[in-house]
Number of protein chains: 2
Amino acid sequence: MTKTSPAPDQLRPAGRATRAAIEAAARVLFADRGFEGASVRAIAAEAGVDPALVIRHFGSKEALFLRTVDTSLGIGSVIEGPLETVGRRLVAYFLDPALPGLRKRFVALAQAAHHDQVREEMVRHTAETYVAPLVPRLTGEHRELRAALAVAQLAGLLNLLFVQEDPIVSGADPETVIAIYGDAIQRLLTPESAA
Amino acid sequence: MTKTSPAPDQLRPAGRATRAAIEAAARVLFADRGFEGASVRAIAAEAGVDPALVIRHFGSKEALFLRTVDTSLGIGSVIEGPLETVGRRLVAYFLDPALPGLRKRFVALAQAAHHDQVREEMVRHTAETYVAPLVPRLTGEHRELRAALAVAQLAGLLNLLFVQEDPIVSGADPETVIAIYGDAIQRLLTPESAA
DNA sequence: GTCTATAACCAGATAGAC
DNA sequence: GTCTATCTGGTTATAGAC
């Protein structure tokens with residue numbers, strides 16, 4: 001097993017600075033080039049340190065990724081809004097071109113999802129951040145399942161949009177996509193409010 | 001640029017045999033270990049040839065992947081069935097544990113989707129095999145968009161199920177998932193037949 | 001010419017000695 | 001903290017065998 005990296009507080013000033021530099025570089029490069037595209041060497045170079053130090057501090061590339069990349073994509077506030085309109089608001093949030101780096105961060109996450117450690121953390125995080133807050137607000141049967149499926153459905157759109165870059169959806173009128181797909185998600189969450 | 005590999009018909013017997021051996025090995029290993037997990041070297045070893053030959057014959061690992069892995073997951077016949085029940089039938093198809101290798105093939109595809117050549121081919125193939133046959137059978141507005149979104153929604157489930165291996169959905173009663181999610185897909189395709 | 005094999009190159013992740 | 005070494009992986013150069 002990998003030796004656990006020292007906790008930040010035990011490090012001397014130089015160590016803390018190095019660690020911070022690596023984290024900053026990793027944040028930039030992972031977002032910019034994705035998980036595979038950002039090499040440990042490149043991150044080290046960007047931070048001005050030796051590649052081996054990266055591993056020494058964080059244990060592995062995977063662990064570094066988990067420490068630096070925000071696995072939530074910032075939709076917490078969207079989910080907390082009015083339940084009756086959450087479907088459309090979620091879709092609208094991701095179709096908003098004013099959110100720079102969102103695409104790249106999603107792609108980085110999707111790539112990294114194939115690594116066990118990252119995948120497990122993502123599942124845990126999704127359950128905790130997306131599904132759990134929704135469940136108590138739902139009514140009817142299979143509340144947890146429906147919340148999980150709604151999140152999955154949203155992920156399907158993001159995949160089409162950001163990974164596949166499908167021309168049909170990318171080229172469609174955003175309002176139309178929001179209406180059609182948003183309502184579809186909404187019906188999973190609040191079936192009784194069907195239009 | 002890479003020199004184009006020779007067309008199969010121009011090869012001499014020895015070449016054709018080698019090519020076939022590589023293809024067979026690639027099919028097995030890609031399905032078994034995914035795109036990243038199956039190294040060119042491992043494929044070559046399995047085929048009993050030199051790694052360099054793999055590239056010589058197929059140009060690149062990506063190209064080999066495209067030649068050997070079935071990008072359709074065999075849902076053609078499902079889509080061709082009755083339109084009014086296609087949503088549930090699609091979900092049921094993928095929840096059927098009797099289809100061995102389905103999960104692994106999907107994971108391999110998902111991994112390889114991050115490579116440009118493969119991604120483009122997948123988009124093209126999806127449009128041609130899934131979306132195109134559906135569109136003329138739909139009625140109402142935004143038929144192409146709705147078909148694309150339905151496919152995306154299905155992909156979301158597959159991702160949750162096969163990549164994330166989410167315990168909520170994996171542990172849920174298949175019939176319930178089929179009903180809830182299948183109907184959600186169905187409503188994108190035939191909104192008028194809402195239950 | 002058309003294969004095939006050997007070696008080599010370059011990049012990546014990580015372990016271990018200092 | 002740093003550097004070097006090792007291992008694995010994709011790919012290319014090149015020269016020999018058919």
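Since the structure is predicted, the reported quantities are computational estimates derived from the model, not experimental observations. Proteins get letters first, then strands, A, B, ... in listed order; numbering begins at 1 in each.
The environment of B/Arg67 atom CZ is sparse: at most 12 non-hydrogen atoms of other residues, nucleotides or ligands sit within 6.0 angstrom.
Distance CZ (B/Phe65) to P (D/dG10): 13 Å, rounded to an integer number of Å. A straight line from CZ of B/Arg16 to P of C/dC3 spans 9 Å, rounded to a whole angstrom. Look at CG on B/Asp50: it is 10 Å from C1' on C/dA7, rounded to the nearest Å. If you take CZ of B/Arg33 and P of D/dT8, they are 13 Å apart, rounded to a whole angstrom. Rounded to whole Å, the distance from CG on A/Leu53 to C1' on C/dC18 is 14 Å.
Taking the six-membered ring where tryptophan is involved, the planes of B/His115 and B/Phe35 are tilted, since the angle between them lies from 30° to 60°.
Cation-pi check for A/Arg19 over A/Phe58 is met; the charged atom lies under 6.0 angstrom from the ring centroid and within 45 degrees of its normal.
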Distances under 3.5 Å only, N/O to N/O: pair up the protein atoms with those of nucleotides 9-14 of chain C.
residue, atom, partner, partner atom, Å
C/dG12, N7, A/Arg41, NH1, 2.8
C/dA13, OP1, A/Lys61, NZ, 2.7
C/dA13, OP2, A/Val40, N, 2.5
C/dA13, N7, A/Arg41, NH1, 3.3
C/dT14, OP2, A/Lys61, N, 3.2

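When the options A/Lys104, A/Arg27, A/Arg105 are evaluated for a salt bridge (charged side-chain N to carboxylate O under 4.0 Å, His left out) with A/Asp32, the one that passes is A/Lys104.
Listed pair A/His57 / D/dG1 meets the phosphate criterion, a side-chain N or O lying under 4.0 Å from OP1 or OP2.
Taking the charged nitrogens against the carboxylate oxygens, B/Glu120 and B/Arg124 have no contact shorter than 4.0 Å, which rules out a salt bridge.
Using a 4.5 Å heavy-atom cutoff, the side chains of A/His114 and B/Glu36 are not in contact.
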